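Read through the structure below, which is laid out as structure tokens, and then see the notes.
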Amino acid sequence: MSVWKRNAVVVAIVLFVGAAVYLNWSYNRQATAEGANGENNGKVLGQASLVNGEDPKASGSADPSATSSSGQDGQGSASSGYFASARLNRQQARDSALELLQKAAADAGAQQSVVDEANASIQTMAASAMSEAQVENLVTAKGYGDCVCFISDNSVSVVVSATSDGLTENDTAKILEIVMEETGLSAGKIKIIETEP
């Protein structure tokens with residue numbers, strides 16, 4: 001009975017992570033569409049204009065940090081589109097793999113070793129999804145515009161949005177530390193990629 005409960009918890013976690021990814025993707029798609037159609041007359045949370053009450057474009061501010069990376073300019077829109085697309089593709093691949101594993105685990109005629117292996121793979125997939133989300137949240141909390149993380153069996157790839165000056169060694173070290181702490185992998189198994197500006 002405890003195996004069934006454990007599997008139910010793992011499936012629930014995977015479903016919650018999937019729902020969160022879908023809601024994030026849906027929200028970003030809606031915000032991008034509103035911005036492209038000119039329907040979004042309000043301010044976007046996190047914009048410099050929201051913080052100080054001035055529109056940096058209207059005031060002629062030359063401060064590059066005052067522009068938003070939330071999709072208001074062409075570069076931000078393309079960049080956020082990449083990240084939303086990457087998350088969606090990752091989730092779709094994970095969902096189809098999960099469906100196959102669940103079928104294998106539920107097959108009444110399957111050998112116990114196959115069922116155990118399928119359940120272990122489901123648990124690994126759920127743990128990877130949680131770690132990916134945690135890495136993405138921590139990297140963006142450090143001030144980077146957006147991030148998407150891909151965890152495979154023995155390696156991690158992290159794609160970070162381009163900064164105006166590019167990623168410095170200090171930036172790479174911060175991201176590397178987050179990923180190493182969250183995944184337990186060594187630095188040699190972690191790849192950090194900056195999106196093209």
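Note: hydrogens, waters and symmetry copies are ignored here, and every other heavy atom, side chains too, is used. All values reported here derive from a predicted model rather than from experimental measurement.
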- Message: Test: salt bridge (charged side-chain N to carboxylate O under 4.0 Å, His left out). Region: residues 131-140. Which pairs qualify, not counting sequence neighbours?
- Response: Arg87-Glu136, Arg90-Glu132, Arg90-Glu136, Arg94-Glu132
- Message: Please determine whether the number of non-hydrogen atoms from other residues, nucleotides or ligands lying under 6.0 Å from atom CD of Gln92 exceeds 12.
- Response: yes
- Task: Can you see which heavy atom on Phe83 is nearest to which on Val160, and at what distance?
- Result: CZ-C, 3.8 Å
Donor-acceptor contacts, no H, no angles, side chain residues 182-192, under 3.5 Å, sequence neighbours left out:
{"unit_1": "Thr183", "atom_1": "OG1", "unit_2": "Val179", "atom_2": "O", "d": "2.7"}
{"unit_1": "Thr183", "atom_1": "OG1", "unit_2": "Leu185", "atom_2": "N", "d": "3.3"}
{"unit_1": "Lys189", "atom_1": "NZ", "unit_2": "Asn154", "atom_2": "OD1", "d": "3.4"}

- Task: Return the minimal non-hydrogen interatomic distance between Thr195 and Ser161, and the atom names on each side.
- Result: OG1-CA, 3.3 Å
- Does the side chain of Asp95 pick up a donor-acceptor pair with the side chain of Gln91 at under 3.5 Å? yes
- Task: To the nearest 0.5 Å, tell me how far Leu100 CG sits from Ser121 OG.
- Result: 11.0 Å
- Query: Would you say Leu138 and Leu167 are hydrophobically clustered, going by side-chain heavy atoms of ILVMFWY under 4.5 Å?
  - Reply: yes
- Item | Spatial distance of atom CD (Gln112) from atom CG (Asn119) [nearest 0.5 Å] | 8.5 Å
- CD1-CD1 distance between Ile175 and Ile193, expressed to the nearest 0.5 angstrom: 11.5 Å
- So CE of Met125 and CG of Leu101: to nearest 0.5 Å the spacing works out to 4.5 Å
- Sequence neighbours excluded, which residues qualify as side-chain contact (heavy atoms from CB on, under 4.5 Å) partners of Ala86? Tyr82, Val148, Phe150
- List the steps, then state whether side-chain contact (heavy atoms from CB on, under 4.5 Å) holds for Ile178 with Glu181. CA-CA 5 Å; Ile178 290 169; Glu181 201 171 287; 5.9 Å; no
- Message: Could you measure the distance from the OG1 atom of Thr172 to the NZ atom of Lys174? Nearest 0.5 Å is fine.
- Response: 10.5 Å
- Note on the structure: Taken in chain and number order and not counting sequence neighbours, the residues that satisfy side-chain hydrogen bond (donor to acceptor under 3.5 Å, both in side chains) with Asp107 are none
- Taking all heavy atoms of Ala110 and all of Val115, pick out the closest pair and write down the distance. CB-CG2, 3.9 Å
- Task: Could I get the full list of side-chain hydrogen bond (donor to acceptor under 3.5 Å, both in side chains) partners for Thr168, not counting sequence neighbours?
- Result: Asp171
- Query: Between Thr140 and Cys147, what is the shortest heavy-atom contact and its length?
  - Reply: CG2-N, 4.0 Å
- Co-membership, hydrophobic cluster, residues Met130 and Val156, 4.5 Å side-chain: no
- Those residues at least two apart in sequence (or on a different chain) that pass salt bridge (charged side-chain N to carboxylate O under 4.0 Å, His left out) with Glu169 are none
- Query: If you draw a 6.0 Å radius around CD in Glu117, do more than 12 non-hydrogen atoms from other residues or ligands fall strictly inside?
  - Reply: no
- Message: In this structure, would Tyr144 and Val135 fall into the same cluster of hydrophobic residues linked by side-chain contacts under 4.5 Å?
- Response: yes
